[in-house]
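Heads up: the structure comes next, in structure tokens.
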Amino acid sequence: MTVTASTLGTMVPLPLAPAGSLHIADGVAFSEDDEGNGSVFLWGMAAWSWTAGDTAARRLAAVQLAMSKAARQRQVAAAFSVNEDSVMGWRKAYEAFGVEGLIVRRRGPKGPSKLTEDKAAELRRLRGEGLSLAKVAEATAVSTDTVRRAIAAAAVPPVTGGAAAGTLLPLARPAERSSERAAARAGELAEAPPVICEGAALPLAGALLALPGIVATGLLEVASAIYGTGRYVAGLRRSAFYGLRSLILSIVFACLIGEPRAEGLTRLDPIDVGRLLGLDRVPEVSTLRRRTEELAAAGRSAALFERLAQHHLISHEEASGIFYLDGHVRAYHGGREIGKAHVARIRLAMGATSDTWCCDGNGDGLLVWASAPGASLAGELRTVTAEIRSLVGERARPTICFDRGGWSPKLFAELSLSGFHLLTYKKGRSELLARAAFFPAVFVDGVGNHHAYLLSDRPVEIPYDSGKRFFSCREIVRLDEATGHQTQIITTRADPDPAAIAHQMFSRWRQENFFRYMRAHYGLDALDTYATTSDDPDRLVPNPARKTADAALRAGRHALSQAERTEGAAALSGRGADEEIRGAFADAIAEVDRLAAAARALPKKVPLAQVRPDAVRLAPERKRVFDAIRMATYNAESALARMLGPHYARAEDEARSLLREAFRSPADLEIVGNELHVRLLALSAPRRTRAIARLCEDLTETKTVYPGTDLTLVYSVRAGQ
């Protein structure tokens, strides 16, 4: 055949890699059959090959592929269905020992194991008869470690998954959605439906572990009720590829993975996060910001928080008897003129915004609202009681717990009359009680931990209105015998056990941990928007001129005191006050009188417009939308951490770190009938893997449906991991 220009244009180029191979990088493809025979192709040529069972040759292919920089190490790890740390370890072994370092050798004892099935049954039988580990080991001529392994093997079920992952394509790419994007641009698509991408070892797919918790918070359900669904979403200007569900879950998964700010999406692979949404990619940062700004324009964040709080209290009745209240100051580092506030954690007064947060008895987030500049916690108590009353009803008598910043006996009396119990620390100096006034008390919490206290319990009356009235309450004092420090607690609760009240007061650390964790992992201090709104020009603020006049008055009084000391010293010496001293003294008195009159002539506070006419406040609406999603995500993670408790010995200290590891781990996704199977890969330690496997069983029992589909989520850990 003669090749001409006309025939050349119609010829189809030969493929660079065999059909069915996996694309790793530009010009690099990976192929492996069901038996384990595989090859790596570079621009269509087989560069490395191995046969089934030749582990060293397979590892050598991965190492040389990474060392040649034909593909990134992360891409190599995903193609070979291993962790990136494994590839790194193979490279180190190859550099140190060559190919010999890649050979799999049996670790540990080379002889037959003493722990046969019969021996394990014997060990468990003797242990069941009440013998100690040492006695069982002595009677059976094995070590105590062997006894422990036999007992643990019986107590913990094997880590298994569903169907074998060998039939799934590693690092599968999501389905192309170009036609739906075109339909969205034409206004013919309300929201792209989720299409699950099945595949093996999909990066970050472990974040789907949080979906039952997210669904339990009611976040998606409440947001749909508040903002609408389909083509009728409040604030969104038109139908689009990314609808309300996609926007919310994008923020949720970004928080779980560790990038809670919108710009953090640029540090994540858009395809990896897109798989979690059932889409081909996650929204770009500009898209996410634009769409959330459209939601903020609807002005419904207050209703969103209120409905989320109602849903939360219905689901957590055990935590609805006490509410923790505290303020959070968010420092502002921009160039706009906003009000100042004291940032306690850095001990500075600077431009900042203040929010008041309310948490439930578990320390989970419930409500938040923006505080006016300069507002005190005592002033916010009236707002929080009105909000809580609307949530719990008129008949309930909940307890509000706060720190000394809310101290106001007059307000306490008002709140007590309106049906609230109070729990706070006493402010001001108090007379120390004698050691004989204290008695031991123990409180056992919900997970069985014992908390021992030395307490004193007595009724007290606190004066207010210049001593004309008194607020009757109960004072519980805790003594720390090691330091002698006494902590005074004031409450209106009448519980017979003072230890229970003391424990609830000292459990305020749960809300402190809420702030600390949200700042570190959920972007609580994120700016989220650069938009501002005008501050109230009539708001009264301290008068700078009065501040200057008061400073001059203090300096004049200091000079007067100096003159008084000089005159007194002269009189004591017997010389009397000469004309110069008397003149200086008279001048100082006259100057103080003049400065005092000048200061009194100036008002202490003036309207903001006179002092800072350019003052603005940060627009709160979009920040509140983000905070509502972050709060619900935190609450979902908290619920999972509590579920881990029975399965993980160090859950109190490591539950959240274990969950963060699981969220970032790869997993297999496979649809079997009407079920979506999520099989996580093994974690960093066997005990962690076992704990997550048990958690998977509990989450599967919830029968949660993947949002936007009819697929029930089934969780497990991949077999053989």
Side-chain angles (χ1 to χ4, degrees), residues 23 26 171-199 202-205 207-208 211 214 219-255 257 259 261-301 304 528-531 619 621-622 625-626 628-629 669 671 676 706-711:
H23 174 79
D26 291 342
L171 205 62
R173 298 180 68 86
E176 180 64 37
R177 311 293 292 271
S178 299
S179 59
E180 290 164 293
R181 292 182 184 275
R185 286 193 295 270
E188 299 175 357
L189 181 67
E191 178 178 7
V195 177
I196 302 302
C197 174
E198 298 183 82
L202 301 180
L204 305 180
L208 294 174
L211 273 182
I214 296 297
L219 175 61
L220 296 172
E221 175 186 349
V222 168
S224 297
I226 295 295
Y227 292 104
T229 57
R231 298 179 185 273
Y232 305 100
V233 178
L236 299 186
R237 294 175 295 184
R238 57 181 175 81
S239 300
F241 185 80
Y242 297 106
L244 186 64
R245 180 196 65 87
S246 304
L247 294 176
I248 291 177
L249 289 182
S250 295
I251 300 173
V252 167
F253 288 128
C255 290
I257 296 168
E259 295 291 348
R261 293 170 172 83
E263 58 271 18
L265 291 177
T266 61
R267 294 184 284 271
L268 299 173
D269 189 320
I271 295 178
D272 292 345
V273 185
R275 291 192 191 94
L276 306 179
L277 306 174
L279 303 176
D280 55 348
R281 57 181 294 123
V282 74
E284 294 184 356
V285 174
S286 59
T287 301
L288 183 64
R289 284 179 172 162
R290 184 182 69 254
R291 301 290 281 176
T292 51
E293 186 62 36
E294 292 169 3
L295 279 180
R300 301 184 182 181
S301 63
L304 177 62
D528 288 331
T529 178
Y530 298 99
E621 192 66 18
R622 194 165 96 181
V625 172
F626 271 93
I629 299 173
L669 298 183
I671 298 176
L676 173 57
Y706 184 96
T709 72
D710 58 355
L711 299 175

For this session: Please step through side chain to side chain contact (heavy atoms under 4.5 Å, CB included) for the pair Phe241 and Leu279, ending with a clear verdict.
Result: CA-CA 10 Å; Phe241 185 80; Leu279 303 176; 4.1 Å; yes
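- In this structure, CG on Asp280 lies 6.0 Å from CD on Glu176, to the nearest 0.5 angstrom.
- Counting all heavy atoms, side chain and backbone alike, Pro283 lies closest to Leu277 at CD-CD1, 4.1 Å.
- At least one donor-acceptor pair under 3.5 Å links the side chain of Arg622 to the backbone N or O of Arg289.
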Exercise. Going through the checks in order, is the side chain to side chain contact (heavy atoms under 4.5 Å, CB included) test met by Phe253 and Leu211?
Worked result: CA-CA 9 Å; Phe253 288 128; Leu211 273 182; 4.1 Å; yes
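- Not counting sequence neighbours, Arg261 has no partner by the side-chain hydrogen bond (donor to acceptor under 3.5 Å, both in side chains) test.
- Once rounded to the nearest 0.5 Å, the distance linking CD of Glu284 with OG of Ser286 reads 5.0 Å.
- Atom CG in Leu171 sits 9.5 Å away from atom NE2 in His23 (nearest 0.5 Å).
- In this structure, the side chain of Glu180 does not engage the main chain of Leu189 through any donor-acceptor pair within 3.5 Å.
- Here the side chain of Arg275 pairs no donor or acceptor atom with the backbone of Leu204 at under 3.5 angstrom.
- Between Leu208 and Leu669 there is a side-chain heavy-atom pair separated by less than 4.5 Å.
- In this structure, Cys255 and Ile629 have side chains that are not in contact, with every pair of non-hydrogen atoms separated by 4.5 Å or more.
- When all heavy atoms are compared, the tightest approach of Ala223 to Leu244 is O-CD2, 3.6 Å.
- Scored by the side-chain hydrogen bond (donor to acceptor under 3.5 Å, both in side chains) test, Ser246 finds Glu191 as partners (sequence neighbours excluded).
- The two residues Ala205 and Leu276 have their closest heavy-atom pair at CA-CD2, 3.6 Å.
- In terms of heavy-atom proximity, Ile271 sits nearest to Pro174 at CG2-CD, 3.5 Å.
- In Arg173, the CZ atom is not crowded: 12 or fewer heavy atoms of neighbouring residues, nucleotides or ligands sit closer than 6.0 Å.
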For this session: Kindly determine whether Leu288 and Leu247 satisfy side chain to side chain contact (heavy atoms under 4.5 Å, CB included), including the steps that lead there.
Result: CA-CA 7 Å; Leu288 183 64; Leu247 294 176; 4.0 Å; yes
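- Other residues, nucleotides and ligands contribute more than 12 heavy atoms inside 6.0 Å of the CD atom of Glu263.
- Of the possible polar contacts, one joining the Glu621 side chain to the Ser301 backbone as a donor-acceptor pair under 3.5 Å is found.
- Panel note: side chain Arg291, backbone Tyr242; a donor-acceptor pair is recorded below 3.5 Å.
- Considering only residues two or more places apart in sequence or on other chains, Ser179 meets the side-chain hydrogen bond (donor to acceptor under 3.5 Å, both in side chains) condition with none of them.
- Shown are Val222, Ile248, Val625; of these, the side chain to side chain contact (heavy atoms under 4.5 Å, CB included) with Tyr227 is made only by Val625.
- Across all their heavy atoms, Leu304 and Ala628 have their closest contact at CD2-CB, 3.6 Å.
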For this session: Could you check Thr529 against Thr292 for side chain to side chain contact (heavy atoms under 4.5 Å, CB included), going step by step and ending with a plain yes or no?
Result: CA-CA 10 Å; Thr529 178; Thr292 51; over 6 Å; no
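- Residues Ser250 and Val282 approach most closely at OG-CG2, 3.8 Å, considering heavy atoms.
- Of the possible donor and acceptor atoms, none in the side chain of Arg177 sits under 3.5 Å from a partner among the backbone N and O of Arg281.
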